[in-house]
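Written below as structure tokens is the structure these notes are about.
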Amino acid sequence: QVQLVESGGGLVQAGGSLRLSCVASGRTFSRHLMGWFRQAPGKEREFVASIRWSSGNTYYADSVKGRFTISRDNAKNTVYLQMSSLKPEDTAVYYCATAWTITTIKEEYDYWGQGTQVTVSS
């Protein structure tokens, strides 16, 4: 079992920055992939970014590439999503999740956090 807890969401103006955190606990594995997804009202949950614990390799959706940075702190068992140059279109509930393989498909992620709201005002 893996437990994921997100934090760091809030209200920010367009152009601002915000950092999300996701702390993992329970039974974790070094080869797990950690991903960030987001879901805006009326839209499906979409992939944002991912990082592999073992290698640190990262992957980003085109919509956030160059603005968001995913990272991890192995000692703290935490993954971060640093968001910069935020746009109103980034407004969504952000979720962290874990998968056993390298994937951007939400159905292939087995453990999910509760989500944290990010609202970007114009």
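In this text the structure is predicted, and so the values were computed from the model without any measurement. As a basis for the values below, the full set of heavy atoms in this structure was taken, side chains included, without hydrogen atoms, waters or symmetry mates.
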Closest contact, heavy atoms only, [X] versus [Y]:
X: L33; Y: T101; value: CD2-O, 3.3 Å
X: R67; Y: L86; value: NH1-CA, 3.9 Å
X: S63; Y: R38; value: OG-NH2, 3.6 Å
X: V79; Y: S71; value: CG2-O, 3.1 Å

Which label fits Y59 and F47: parallel for a plane angle under 30°, tilted from 30 to 60°, or perpendicular past 60°?
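Answer is tilted, since the angle falls between 30° and 60°.
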Heavy-atom side-chain proximity of [X] to [Y] below 4.5 angstrom:
X: K106; Y: E46; result: no
X: T119; Y: V12; result: no
X: W36; Y: E6; result: yes
X: T91; Y: V118; result: no

So, does N77 use its side chain to make a donor-acceptor pair with the main chain of N74 at under 3.5 Å?
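Side chain of N77 to backbone of N74: no pair is present.
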Taking the side chain from D73 and the backbone from T78, do they hold a donor-acceptor pair closer than 3.5 Å?
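Pair absent, no side-chain N/O of D73 close to backbone of T78.
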Does atom CD of E89 have more than 12 heavy-atom neighbours, drawn from other residues, nucleotides or ligands, at distances under 6.0 Å?
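Yes, enclosed.
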Heavy atoms of other groups near Q117 CD, more than 12 under 6.0 Å
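Yes, because the 6.0 Å sphere around CD of Q117 holds more than 12 heavy atoms from other groups.
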Looking just at side-chain N and O atoms, do D110 and W100 make a donor-acceptor pair shorter than 3.5 Å?
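Yes, because at least one side-chain N or O of D110 sits under 3.5 Å from a partner of the opposite role on W100.
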Side chains of Y80 and R19, donor plus acceptor under 3.5 Å:
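Their side chains do not contain a donor-acceptor pair, so the 3.5 Å distance test is not met.
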Please determine if R45 forms a cation-pi arrangement with Y95, meaning its NZ or CZ atom is less than 6.0 Å from the six-membered ring centre and no more than 45° off the ring axis.
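Relative to the ring axis of Y95, which defines the angle, R45 lies inside both limits.
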Side-chain heavy atoms nearer than 4.5 Å, only ILVMFWY residues, links allowed to pass through others: does that put L4 and I70 together?
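Yes, one cluster joins them.
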Passes side-chain hydrogen bond (donor to acceptor under 3.5 Å, both in side chains), T103 versus E108? Steps please.
CA-CA 7 Å; T103 180; E108 296 183 352; 2.6 Å; yes
Ring centroid separation F37 to W112 under 6.0 Å
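Judged by ring-centre distance (under 6.0 Å), F37 and W112 do meet the cut-off.
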Only one of V120, L18, V48, T69 passes side-chain contact (heavy atoms from CB on, under 4.5 Å) with M83; say which it is.
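Exactly one pass, corresponding to L18.
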